[in-house]
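Every chain is numbered from 1, with letters handed out A, B, ... down the list of sequences. The basis for the numbers below is simple: all heavy atoms, side chains too, and nothing from hydrogens, waters or symmetry mates.
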Protein chains: 2
Amino acid sequence: MAGRGEQSDERAYDPAAFPPFAVTADLAVFTLRDGSLCLLLVRRGVEPFAGCWALPGGFVQPHESADEAARRELAEETGVEFAGHLEQLATYSDPDRDPRMRVVSVAYVALAPSLPDVAGGSDAAEARWWPVTSMRPAELAFDHAHIVGDALERVRAKLEYTTLATQFVDEPFTVRDLQEVYEAVWGVTWDRANFRRKVLSTPGFVVSVEHGVRPGSATGGRSAQLYRRGDALALYPPILRPK
Amino acid sequence: MAGRGEQSDERAYDPAAFPPFAVTADLAVFTLRDGSLCLLLVRRGVEPFAGCWALPGGFVQPHESADEAARRELAEETGVEFAGHLEQLATYSDPDRDPRMRVVSVAYVALAPSLPDVAGGSDAAEARWWPVTSMRPAELAFDHAHIVGDALERVRAKLEYTTLATQFVDEPFTVRDLQEVYEAVWGVTWDRANFRRKVLSTPGFVVSVEHGVRPGSATGGRSAQLYRRGDALALYPPILRPK
DNA sequence: TCAATAGTGTCTGTCAGACAGTATGTG
DNA sequence: CACATACTGTCTGACAGACACTATTGA
């Protein structure tokens with residue numbers, strides 16, 4: 001009740017009364033490689049879970065918010081200022097999720113069109129992209145399997161009612177590129193004509209590049225109109241996953 | 001990069017290297033009263049923000065997760081084991097959000113059909129339901145205005161593609177009751193015939209109560225069929241807000 | 001000219017909005 | 001009976017799925 005809440009507030013003045021919480025920002029970074037949705041994982045070098053694959057992440061520092069920590073970690077992973085999409089996913093706070101101490105993890109989802117093959121710099125630690133279909137979530141460290149499941153569902157759901165799909169492709173892109181994003185993330189196939197109609201009838205989803213065409217493939221084929229991301233954030237009406 | 005992440009892990013063994021994070025669970029509890037969407041707020045008795053209205057909440061204890069803390073706080077507020085819907089919203093971690101110390105707040109959204117007029121027990125602290133249309137978010141304590149905005153958007157969005165609306169009504173209910181939920185939360189009006197068709201054509205949204213009817217109003221009128229919540233969680237296709 | 005890819009047109013079923021009409025309850 | 005509320009039927013326009021068709025490019 002309210003009174004208890006205020007008692008808790010009083011106790012806030014005495015830091016010794018609190019358990020030592022550590023707060024981390026963990027990242028589920030997705031990209032598209034060879035038409036497959038991939039997730040960035042790093043191999044742990046220390047106990048617990050030494051040798052296991054885990055989500056990249058690190059501790060939130062005293063001067064920064066969890067959002068800032070996530071963006072910093074992302075820049076450290078990729079070696080450059082991250083320009084893609086980053087959003088908070090959820091917070092995982094089970095008391096036993098880390099056997100060493102009390103760690104609360106604020107998890108994030110990031111999307112990027114394409115990133116260097118080996119993420120991270122000259123560091124010896126192993127990091128690689130895993131196609132989500134060949135990954136073994138059950139073997140991930142901590143509760144990261146749970147986080148990855150939530151992250152995948154978030155990404156899949158957000159393609160329905162936001163323009164997030166454009167964050168998976170480099171500009172400029174074709175309608176076909178965008179279609180391949182939906183097909184890879186949802187594991188479905190689209191009728192090209194219907195997908196095209198849907199995308200182009202949504203104002204602000206994509207904007208065409210004047211006189212911009214991409215040459216056909218090596219085996220021939222008509223050149224395709226090129227597009228850039230529009231300024232719309234939401235899709236109305238949404239593009240729903242098939243039942 | 002991955003190597004740094006593991007250095008951070010090493011540091012985890014030395015609690016002294018970490019800033020003293022406190023973690024709270026804050027609650028945005030919504031209900032429907034007299035056809036208006038209302039939010040539960042408590043008035044703070046101590047500095048900072050003494051006298052300001054704030055979201056109920058409290059500190060996460062050493063033995064519990066943030067989810068458990070939220071459920072515990074909710075039971076303390078309402079005096080009974082909470083039976084409605086509770087879900088995590090987001091985590092707010094700006095370093096300056098609490099002037100006293102570093103507090104990370106995991107915010108939750110809760111929905112309930114109807115709760116006692118004055119939430120909380122015999123405690124003297126003030127707690128009341130505020131219609132969201134007459135509330136002054138800018139005057140809330142801490143960053144609670146921000147949290148409330150996010151919570152409102154979450155609730156509004158979730159009515160679109162989940163069966164969450166049924167959490168706002170007591171069982172058994174009529175289709176009209178459910179319509180009033182959508183109208184109050186979205187601030188729109190529905191055509192009764194179309195709303196009815198939509199609800200009843202979604203399998204598992206509601207199930208009718210055999211031989212259950214509610215008498216007409218005091219001024220006359222046909223009795224209405226009664227329903228209970230179905231077992232569906234998602235609405236497919238969704239009920240979209242008007243553009 | 002052929003193969004491959006881009007893009008258009010059109011039919012059809014489903015569904016949402018609008019709204020007229022019927023049924024059943026209270027006074 | 002009047003009247004209020006519950007419920008049903010139906011028209012129409014928008015749109016999604018299916019798919020046949022035309023256009024343009026490279027070899």
(message) A cation-pi test, strictly: NZ or CZ of A:R192 under 6.0 Å from the centre of the six-membered ring of A:W190 and no more than 45 degrees from its axis. Yes or no?
(response) no
(message) From OH of A:Y236 over to C1' of D:dA14, roughly how many Å is that when rounded to an integer?
(response) 12 Å
(request) Measure the distance from CH2 on A:W190 to P on C:dG7 and round it to the nearest whole Å. (result) 17 Å
(request) Find the distance B:Q225:CD to C:dT24:C1' and express it as a whole number of Å. (result) 14 Å
(request) Return the value, rounded to whole Å, for the distance between atom CG of B:L235 and atom C1' of C:dA16. (result) 15 Å
(message) Please confirm whether the shortest side-chain N or O distance from B:R192 to OP1 or OP2 of D:dT5 is below 4.0 Å.
(response) no
(message) Do the side chains of B:E76 and B:R72 get close enough for a salt bridge, i.e. N-O under 4.0 angstrom?
(response) yes
(request) Map A:G221 and A:L226 onto DNA chain C by nearest heavy atom, then report which one ends up closer to the 5' terminus. (result) A:G221
(request) Let me know the distance between NZ of A:K243 and C1' of C:dC15, rounded to the nearest Å. (result) 12 Å
(message) Under 4.0 Å from OP1 or OP2 of C:dC15: is there any side-chain N or O of B:K198 that close?
(response) no
(request) For B:R176 and for A:P215, locate the closest nucleotide of DNA chain D by heavy-atom distance; then report the residue assigned to the nucleotide nearer the 5' terminus. (result) B:R176
(request) Between D:dA18, D:dA23, D:dA16, spot the one nearest the side chain of A:D191, thanks. (result) D:dA18
(request) Mind calculating the distance between CG (B:N194) and C1' (D:dA6) to the nearest angstrom? (result) 15 Å
(request) Measure the distance from CZ on B:F195 to P on D:dT5 and round it to the nearest whole Å. (result) 18 Å
(request) Using a heavy-atom cut-off of under 4.0 Å over every strand shown, decide if A:R197 touches base, sugar-phosphate, or nothing. (result) base
(request) Examine D:dC7: is either OP1 or OP2 under 4.0 Å from a nitrogen or oxygen in the side chain of B:R196? Give yes or no. (result) yes
(request) State whether the side chain of A:W130 and the backbone N or O of A:L40 hold a donor-acceptor pair below 3.5 Å, judged by distance alone. (result) no
(request) Examine the side chains of A:Y108 and A:D67 and answer whether a donor and an acceptor come within less than 3.5 Å of each other. (result) yes
(request) Please confirm whether the backbone N or O of B:A234 pairs with a side-chain atom of B:T163, one donor and one acceptor, at under 3.5 Å? (result) no
(request) Please report, rounded to the nearest Å, how far the C1' atom of D:dA16 is from the CZ atom of A:R241. (result) 18 Å
(request) Among the candidates D:dT5, C:dT8, D:dG17, find the nucleotide nearest to the side-chain atoms of B:T219. (result) D:dT5
(request) Choose from D:dA23, C:dC19, D:dC19 the nucleotide whose nearest atom is closest to any side-chain atom of A:A193. (result) D:dC19
(message) Measuring from the side chain of B:P237 (C-beta onward, heavy atoms only), which nucleotide among D:dA6, C:dA4, C:dA16 has the closest atom?
(response) C:dA16
